There are 2 protein chains.
Amino acid sequence: MAGYGQFCPVAKAMELLDERWTLLVVRELMLGSRHFNEIRRGVPRMSPTLLSTRLRALTRAGVVERWEDGHQVVYRLTPAGEELRPVVEALGAWGVRWVRELGDEDLDPHLLMWDIRRNVDLDALPGGRTVLQFTLHDVAPRARRWWLVASADGVDLCDADPGYAVTARLESDLRSLTLLWRGDLSWQDALRSGRLAVDGPSTVRRALPRWLTRSVFADVPRPA
Amino acid sequence: MAGYGQFCPVAKAMELLDERWTLLVVRELMLGSRHFNEIRRGVPRMSPTLLSTRLRALTRAGVVERWEDGHQVVYRLTPAGEELRPVVEALGAWGVRWVRELGDEDLDPHLLMWDIRRNVDLDALPGGRTVLQFTLHDVAPRARRWWLVASADGVDLCDADPGYAVTARLESDLRSLTLLWRGDLSWQDALRSGRLAVDGPSTVRRALPRWLTRSVFADVPRPA
DNA sequence: CAGTATCCATTTCGATACTG
DNA sequence: CAGTATCGAAATGGATACTG
């Protein structure tokens, strides 16, 4: 793709950043992904070839640094890449306010559960091990049931029963849980309307919203 | 172009905004352009067909409002579009810091003079009429000479001698004047190095930087 | 794990000319 | 002024399979 033929800094920035997928790859790196297949997990519809191309372009542009650690390959943002955070944040805040309609194609249980998993607030987690069982009743069998195993050591997400005693069960549908995650729906409204049901001890139920945190954009105020 | 298949607000925002030229059209509207051909002036390398397509997409997305006033057509940003300002500002600030190399293809005397024109600070302008004659000695004859006619009523830019008495003459080359405009080069350095010469009364010369303002990104601090 | 290789359908865009 | 019409070249990217 040719450039814009403009010296304007916005144009120069967009020559790099407006290429499809590019800023989503940057987002993944901001969220802490370091390895090729870890990044892929956040952009599953992107072909590996294309991810490879984009990582190379970002590296050439000085946004990403590729570095071989033993026989591992590690990607990370350079200072220039880190400084894209305000851009990504502004885009997300705008998107959550003004792009409200989600098509069915935008819903993805794997992405959703992965996002939920990586936003568990370990500091707010009750002591011991908490095991949440999620059921998304409108989703194909393979991706219908999930187990979130959280303890001070970390969080695991399983799509098969790991065998631990379940602390609480959440039932919802894919869209409702997605809306809750995005902050388009509050915990209160989700529960009151029956779009989400939580089955478990009331102490666990009450603690849930504190450590099962939502998207960083969830609290962006919505337009009246 | 298909969507990303993601509910992430950044992805949803980029489905609209990562299409080529889109954000530059938004930028033009932010800078005050209202009419089709006025917008085109800011994105001269964009074909009218494509501009038309983009304006329609932006209108559908609720970012732009199209409105017929008599037999004029007026475009303007909606509140949603206005809220893209932080995005554009973050991109520009990032771009001016981290995309420093300008190719010769990025230089354009028409865009540059147009930008300079629309950033004249009328409030800081001395009384009466000021006429600046610009000479870009490395530019093709057609775009080498410009006259900026500024008074309290407004600013005109001419590519042919309008016949007024010239208050001061500026001589430079296209790249130097562009760097000055972007803030990659200070007035001081430009003058000291001889990349810019100003010929005129010293009061006029000293007042120049106050009203002939540079890009809004010029004062963004550069990385060490 | 970390990618490449291949291949083609599709889209996208730019150029140019034209119109109410 | 405010766009449409048309057309072909280029590239973009998706799908799939494969490799060190």
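We name chains A, B, ... by the order of the sequence lines, and we start the count at 1 in each one. From a predicted model like this one, the values you see are computed outputs, not experimental measurements.
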Tell me: [atom1] of [X] to [atom2] of [N], nearest whole Å?
X       : N      : atom1 : atom2 : result
B:Asp18 : C:dT11 : CG    : P     : 16 Å
A:Arg20 : C:dT12 : CZ    : C1'   : 13 Å
B:Gln72 : C:dG20 : CD    : P     : 21 Å
B:Leu24 : C:dG14 : CG    : P     : 11 Å
A:Tyr75 : C:dG3  : OH    : P     : 3 Å
A:Phe36 : C:dC1  : CZ    : P     : 11 Å
A:His71 : C:dG3  : NE2   : C1'   : 14 Å
A:Arg54 : D:dT12 : CZ    : P     : 8 Å

**Study point:** Distance under 6.0 Å and angle within 45° of ring axis: B:Arg117 vs B:Trp114
**Key:**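 Output yes; distance and angle both within limits.
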Review point. Under a 4.0 Å N-O cut-off, is there an ion pair linking A:Lys12 with A:Glu15?
Key: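 Result for this pair is yes, salt bridge flagged.
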Exercise for review: Inspect the contact between B:Glu28 and B:Arg118 and indicate whether a charged nitrogen and a carboxylate oxygen are less than 4.0 angstrom apart.
Suggested key: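 Salt bridge flag = yes for B:Glu28 with B:Arg118.
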Side-chain N or O of [X] closer than 4.0 Å to phosphate OP1/OP2 of [N]:
X       : N      : result
A:Arg66 : C:dG3  : yes
A:Arg41 : C:dA2  : no
A:Trp21 : D:dG14 : yes
B:His35 : D:dC1  : no
B:Arg34 : D:dC1  : no

**Study point:** Heavy-atom donor-acceptor pair, A:Thr49 side-chain to C:dA5 base, under 3.5 Å
**Key:**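 Answer is yes: a donor-acceptor pair is held.
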Point to revise | Side-chain donor or acceptor of A:Arg27 paired with backbone N/O of A:Val88 under 3.5 Å | key: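 The answer is no, because no donor-acceptor pair under 3.5 Å joins these two groups.
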Practice item. Mark yes or no for whether B:Gln133, through its side chain, and B:Asp161, through its backbone, hold a donor-acceptor pair below 3.5 Å. Key: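 Flag not set: sc B:Gln133 to bb B:Asp161 has no pair under 3.5 Å.
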Review point. Closest approach of B:Arg182 and A:Phe7, non-hydrogen atoms and distance?
Key: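 The answer is NH1-O, 2.8 Å.
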Practice item. Over all heavy atoms of both residues, which pair between B:Met30 and B:Leu84 is shortest? Give the atoms and the distance, please. Key: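 B:Met30 and B:Leu84 have their closest heavy atoms at CE-C, 3.3 Å.
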Point to revise | Residue closer to the 5' end of DNA chain C, A:Val73 versus B:Met46 (nearest nucleotide) | key: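 Looking at DNA chain C, the more 5' nearest nucleotide goes with A:Val73.
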Closest to the [X] side chain, choosing from [options]:
X       : options               : answer
A:Leu50 : C:dC13, D:dG13, C:dA2 : D:dG13
B:Ser52 : D:dA15, D:dA2, D:dT4  : D:dT4
B:Asn37 : D:dC1, C:dT4, D:dG13  : D:dC1
B:Pro48 : C:dG3, C:dA17, D:dA2  : C:dA17

**Study point:** B:Tyr75 and B:Phe36 aromatic ring geometry - parallel, tilted or perpendicular at 30°/60° bounds
**Key:**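 Ring orientation of B:Phe36 relative to B:Tyr75: tilted.
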Practice item. Determine which bases of DNA chain C form Watson-Crick or G-U wobble pairs with both distances under 3.5 Å, and write the result as a 5' to 3' dot-bracket string with | for other-strand partners. Key: ||||||||||||||||||||
